Every structure is written in C-alpha cells, then in structure tokens.
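To keep things clear, I will list the structure first and then write my remarks on it.
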Protein chains: 2
Amino acid sequence: MNDMGTRSGDGTVGKALDVLDQVAGHGRPMRFAEVLAASPLPKATLYRLLQTLVNQGMLRLDAETGAYSPGLRLVRLAHMAWARSSLAPIARPFLDELSKDVCETIHLAQLDRGQVLYVDKRNARQPIEMFSGAGKVGPGYCTGVGKAMLAHLPDDERAAALPLQAFHAHTGHTITSAEALEAELAEIRAAGIAFDREEHEPGIICIAAPILSPGGRVMGALSITTSTDRRSLEDLATLKPRMIATAARIAEAASAWQFPDRTET
Amino acid sequence: MNDMGTRSGDGTVGKALDVLDQVAGHGRPMRFAEVLAASPLPKATLYRLLQTLVNQGMLRLDAETGAYSPGLRLVRLAHMAWARSSLAPIARPFLDELSKDVCETIHLAQLDRGQVLYVDKRNARQPIEMFSGAGKVGPGYCTGVGKAMLAHLPDDERAAALPLQAFHAHTGHTITSAEALEAELAEIRAAGIAFDREEHEPGIICIAAPILSPGGRVMGALSITTSTDRRSLEDLATLKPRMIATAARIAEAASAWQFPDRTET
DNA sequence: GGACTAGGTTCCATTATTTGAAACTTTAGT
DNA sequence: ACTAAAGTTTCAAATAATGGAACCTAGTCC
C-alpha cells in the first residue's frame with residue numbers, strides 16, 4: 001500500500017516471485033480470483049505462473065478449497081537462508097546470555113532494503129518463541145534497530161535507504177522526514193547507541209546497538225525493548241555498556257566464522 | 001531443444017528455482033564458477049539468472065568475495081511459510097507440554113513429496129534448538145514420523161509416494177523394499193502408532209503418531225526419540241496413549257484454526 | 001615487464017517461451 | 001434449468017530467454 005515502485009519486474013522470474021510474495025504475504029489462503037484481483041497480470045498469465053509455483057513446491061494448492069498458500073519447499077529454503085545468511089545462529093548464545101541477564105524482550109535484526117528484518121528474538125517470559133519472531137519485517141526509520149543500522153551505513157547506501165522509508169507517523173514521537181532522520185542518525189552515530197522513544201508504538205521504548213564488522217560494515221543490530229510503565233529511558237540507558245559489549249562479541253564471533261577466504265580490508 | 005530429462009522443466013522460473021536450491025543448499029557461499037560447474041546451464045544464462053535472483057533478494061552477492069549466498073528475502077518468505085503452512089505454530093503449546101512431560105527429543109514433521117520435513121523440535125537437554133531442527137528433511141521410509149504419515153495416506157497418494165523412497169539400508173533393520181514397507185504400513189495403520197526400530201541410525205529408536213484431521217487426512221506426525229541404552233522399545237511403547245492424545249489435540253486445534261471456508265467432508 | 005590464464009561480464013542474432021484476448025468448461029447460486 | 005462467476009485452455013503475436021563467442025579484468029607465471 002505504501003511505495004509502489006517496488007521491485008522492477010525482472011522478467012518472468014521477477015513476476016513469479018512477486019506473485020509468491022503476494023500469496024505468502026497475505027494472511028490466509030488465497031483463491032485464484034483473489035490473487036488475480038491483487039495482481040496486475042492478466043488471467044492466463046497469472047494462472048500459468050501459479051501453476052508453475054505449485055509445481056515447484058513454492059506454493060501449495062489445497063484441492064478442497066482451491067486456495068493457494070505458501071509451500072513447504074519454502075520452509076526448506078528458509079532453513080538454509082536463516083542458518084547461513086543471518087546472524088542468528090552465531091548470535092544465539094550471546095542473546096541467551098543477555099536475555100538471562102536483563103529480563104526484557106530482545107531482538108536481533110538485519111537490514112533488508114531499508115527495512116528491518118528480525119532474525120531472532122527472546123521474550124521476557126517465554127523460553128523462546130521460535131520462528132514466530134524470525135522473519136518478521138518492520139520499518140527502519142522508527143525502530144531502535146532500524147535507526148542503529150541506518151546510522152552506520154556508508155553514505156551511499158544510507159542515501160539509497162532513506163527514500164525507501166515510509167515516514168508514517170505511528171505516534172506523536174515518530175520522525176517523519178528524511179532530514180530529521182538524518183540528524184537523528186548523526187547523533188546515533190556519535191553516541192554509538194540508538195533509542196526508540198515511543199516512535200513506533202506508544203508506551204514502547206527500546207535501546208539498540210549496531211553490530212559492526214571489524215571493517216565497520218553494518219551486520220545487524222540488537223535491541224532491548226520495554227514499556228514506559230516498567231522502565232524509563234534513563235533506566236534503559238544504563239544497559240548501554242552491556243549492549244555494546246554483546247554487539248562486539250557477536251561481531252567478533254561472526255568475523256571468526258568467516259570462511260577462509262579474503263577477510264575484510 | 002529440451003528433450004533431455006530435466007527434472008524441473010517449468011520454464012525459466014523452474015530453472016531459477018533450481019539455481020536457488022543449488023546455491024542455498026550448498027554449505028557455504030559459492031562463486032560464479034562453482035555454480036557454473038554444478039549447473040547444466042550455459043555461462044551467460046546462468047549469469048543472468050543469478051543476477052536476477054540477487055536483484056530480487058533471493059540471493060546475496062558478497063561484493064568482497066564475489067560469492068553467492070541465500071538472501072534475506074528468503075527468510076521473510078520462510079517466516080510466512082512456516083507460520084501459515086506448517087503445523088508448528090499451532091502445535092507448539094502441545095509440544096512444550098509433552099516435552100516437559102517426557103524428557104526426550106520430540107519432532108514435529110510433515111510430508112513433502114514423500115520426504116519428511118521437520119517443522120519443529122524439542123531437545124531433551126537444551127531449551128530449544130531453533131531452526132536447527134525446523135526445515136531439515138529426512139527419509140520417509142525409515143523414520144517413525146515418515147512411516148506414520150505414509151501409513152495413513154490415501155491409497156493413491158501412498159502409491160505415488162512409495163516410488164520416491166530411496167530404500168537405502170542405513171542399518172541392518174532398515175526396510176529396503178516397497179513390499180516390506182507396505183506390510184509395515186498396514187501394521188502401523190492398524191496399531192495407530194509407528195516405531196523406528198533402529199532403522200535409520202543404530203541405537204536410535206522412536207515412537208511416532210500421525211496427526212490426522214477429523215476427515216482422516218494426514219496433516220503431520222510427531223515422534224519421541226531416544227537411544228537404546230536409555231530406553232527400550234517396550235518402554236517407549238508405554239508413551240503411546242500420551243502421544244495419541246497429543247496428536248489428537250493438535251489435530252483438533254488445527255481444525256479449529258481452519259478459516260471459515262468449507263471444512264472437510 | 002609482458003603475455004598468459006581463469007574468472008567474470010557483455011553482445012546480439014536466433015529461437016523458444018511467454019503472453020493475453022477470447023473462447024471454453026466447470027462450479028456455484030437461484 | 002438457467003445464469004453468473006470462477007477457473008481452464010487455445011493460439012497467433014510479441015517478448016524475453018538463449019548461448020556461442022567476443023570481451024574485459026585481475027591475478028600469475030615466465
């Protein structure tokens with residue numbers, strides 16, 4: 001519903017993946033007509049595309065209801081992607097430790113096209129909520145992790161990421177312009193830490209630290225979230241050293257995990 | 001000019017997904033030349049396909065090393081697929097309970113083209129091993145969950161699934177022919193429960209129950225795994241009532257979760 | 001230093017694949 | 001039985017994919 005100029009249709013494959021996103025992103029199984037209504041593609045084209053995707057196991061077509069839903073092949077790919085391309089497996093022990101330490105919700109996130117992609121999570125209460133946390137996306141401009149990562153992006157990438165932000169005013173505290181965000185990012189860069197001051201949800205605040213490679217590249221970010229009636233921002237700020245330390249240890253572990261190829265300059 | 005027996009075939013999209021599988025399935029980032037060597041596609045074609053996949057965020061191309069790895073967009077899709085098309089989110093509380101009850105490894109699995117796809121897992125010791133369990137695939141003919149699911153498949157689907165089995169003799173106990181498997185499946189169907197009698201790994205046994213919809217369709221299976229030096233098969237068998245009960249409750253919860261469409265006949 | 005080599009990228013005429021309006025079939029509603 | 005809507009197939013035209021070969025580029029060897 002926000003910015004339309006999404007992925008430029010990379011030929012047939014692009015279209016197919018768009019359809020996949022469409023169907024997978026929808027909250028429940030979609031009938032053909034529904035998909036058709038939501039897609040710019042003509043009937044016949046869409047039809048064959050869906051057929052192909054089902055054939056490939058990326059979508060599942062329920063014979064009973066004739067509705068499409070994400071296929072199990074995605075779960076398989078999912079595993080591979082998460083296990084190898086995300087910080088989550090590496091960061092897990094550190095998150096566990098931090099979680100035991102401070103009893104608050106913890107997020108581990110990475111940046112994907114200017115958006116925040118949560119790749120792991122620890123809940124205050126529950127031992128662990130598995131996939132339920134991993135894979136979710138959120139806005140970059142009004143979350144702690146988002147701002148922490150954007151702040152430390154190289155100039156050109158940051159310039160590319162800012163126009164992708166929706167700048168929707170979720171609350172009265174939300175930053176709603178690229179200029180204001182740039183200013184905030186500069187502060188965050190200087191401070192080494194980011195805060196979410198009820199910018200996304202009223203009553204919800206967080207402190208976030210970027211995870212930077214030895215070369216200074218942004219690898220991800222982690223955050224501790226709480227609510228204003230449990231803790232104050234000042235209170236959260238006292239966690240800064242622990243967050244920085246944890247972020248550093250994750251970065252170190254991630255670098256060590258690098259394959260014996262060329263490491264960074 | 002495609003009379004050579006390509007498995008996928010489905011036009012450009014099929015090829016692209018094959019490449020995706022190839023790269024994601026490989027244990028570590030792949031350089032272009034590596035992918036090329038492992039692919040039947042000509043250089044230029046592969047090159048453009050990879051470009052497209054990177055463009056679409058399904059793969060990531062590390063600028064430093066020029067190596068391809070799974071992209072974060074997959075993680076996003078992953079989440080959706082897992083959250084909506086698998087039993088895992090629904091079954092979680094029941095698995096937790098069962099896990100607390102019996103202190104053994106528990107698996108939740110679904111069937112994907114005759115193969116077992118594990119969608120959730122509880123470890124005996126460790127709190128939870130996250131993705132490390134979900135997304136993995138295993139053989140259908142020599143695992144408890146696999147046999148439990150195959151046993152309750154409708155005749156035509158079972159007939160389609162059996163030829164997909166590898167029937168590799170992992171151990172001396174492995175069932176190595178379709179006929180023998182059919183006989184075992186009939187027994188399992190009658191007993192309502194399946195055992196893995198060291199058929200996959202020596203010393204590893206398990207008891208597995210199918211999760212059947214009210215209409216009798218196979219939705220998945222769950223299993224409790226242990227080793228012969230900790231428990232005997234007879235010992236495991238005493239867990240049967242609890243497994244059946246848990247499976248029934250999961251099935252019920254899953255049915256209740258069905259969207260207000262047409263429910264099963 | 002120069003020339004060799006392997007990995008990576010681009011060109012472009014050819015060709016297969018995709019396209020989509022429309023016709024057709026099936027399913028659901030009255 | 002009739003009608004409307006959803007789903008499926010057809011086929012000529014248009015488009016996008018193809019892949020052999022040329023072309024870079026960076027590293028290596030003599």
Side-chain angles (χ1 to χ4, degrees), chain A residues 7-23 26 28-56 58-69 71 259-265, chain B residues 1-23 26 28-56 58-69 71 259-265:
Chain A
R7 327 168 189 296
S8 46
D10 267 312
T12 315
V13 176
K15 283 173 210 163
L17 294 178
D18 278 348
V19 172
L20 188 60
D21 258 0
Q22 175 67 42
V23 176
H26 201 253
R28 58 203 169 98
M30 289 178 94
R31 288 272 225 24
F32 176 75
E34 281 185 274
V35 188
L36 181 59
S39 168
L41 300 171
K43 219 180 178 187
T45 304
L46 214 219
Y47 181 74
R48 265 165 299 133
L49 229 39
L50 282 169
Q51 219 171 229
T52 301
L53 288 171
V54 169
N55 228 320
Q56 294 290 330
M58 303 298 281
L59 289 179
R60 210 161 51 86
L61 173 56
D62 183 27
E64 311 252 355
T65 65
Y68 296 88
S69 35
F259 313 91
D261 238 321
R262 17 191 91 258
T263 35
E264 276 150 328
T265 34
Chain B
M1 53 76 88
N2 61 348
D3 57 338
M4 296 306 296
T6 32
R7 61 185 74 268
S8 53
D10 274 313
T12 316
V13 176
K15 282 174 211 162
L17 294 178
D18 277 350
V19 172
L20 187 60
D21 258 359
Q22 176 66 43
V23 176
H26 201 252
R28 58 203 172 99
M30 290 179 93
R31 296 278 279 291
F32 176 76
E34 281 185 273
V35 189
L36 180 60
S39 168
L41 300 171
K43 220 180 179 186
T45 304
L46 213 218
Y47 181 72
R48 264 167 297 128
L49 230 38
L50 282 170
Q51 221 171 226
T52 301
L53 287 171
V54 169
N55 229 319
Q56 294 290 329
M58 303 297 281
L59 290 179
R60 210 161 50 87
L61 174 56
D62 184 26
E64 311 254 353
T65 66
Y68 296 89
S69 34
F259 315 90
D261 238 319
R262 12 192 92 261
T263 37
E264 276 148 331
T265 36

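For clarity, every value in this text was computed on a predicted model and none was experimentally measured. To find a chain, count down the sequence lines: A is the first, B the second, and so on, and within it residues start at 1.
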Closest heavy-atom contact between Q22(B) and A38(B)?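 Minimum heavy-atom separation between Q22(B) and A38(B): NE2-CB, 3.5 Å.
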
Quick check: closest heavy atoms across V35(B) and M30(B), and the distance to 0.1 Å?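 Heavy atoms only, the tightest pair is CG2-CB, 3.7 Å.
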
Measure the shortest side-chain to side-chain distance between D10(A) and L53(B) over non-hydrogen atoms and say whether it is less than 4.5 angstrom.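 Counting from C-beta outward, D10(A) and L53(B) never come under 4.5 Å.
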
Please report the distance, rounded to the nearest Å, between [atom1] in [X] and [atom2] in [N].
| X | N | atom1 | atom2 | result |
| --- | --- | --- | --- | --- |
| K15(A) | dT18(C) | NZ | C1' | 8 Å |
| L50(A) | dG7(D) | CG | P | 11 Å |
| L49(A) | dG7(D) | CG | C1' | 16 Å |

N or O in side chain of T12(A) less than 4.0 angstrom from dA17(D) OP1/OP2: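 Yes.
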
If you compare every side-chain N and O of T45(A) against the phosphate oxygens of dG20(C) (OP1, OP2), does one of them come in below 4.0 Å?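 Result: yes.
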
Who are the side chain to side chain contact (heavy atoms under 4.5 Å, CB included) partners of F32(B), not counting sequence neighbours?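 Applying side chain to side chain contact (heavy atoms under 4.5 Å, CB included) to F32(B) gives L36(B), K43(B), L46(B), Y47(B), L50(B), Y68(B).
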
Using a 4.0 Å heavy-atom cut-off to protein, can you give one letter per nucleotide of nucleotides 6-13 of chain C, 5' to 3': B if the base is in contact, S if only the sugar-phosphate is, - if neither? --BBB---

Working for side chain to side chain contact (heavy atoms under 4.5 Å, CB included), residues D21(B) and L17(B): CA-CA 6 Å; D21(B) 258 359; L17(B) 294 178; over 6 Å; no

Tell me every residue that passes salt bridge (charged side-chain N to carboxylate O under 4.0 Å, His left out) with D62(A), counting only those two or more places apart in sequence or in another chain.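 For D62(A) there are no salt bridge (charged side-chain N to carboxylate O under 4.0 Å, His left out) partners, ignoring immediate neighbours.
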
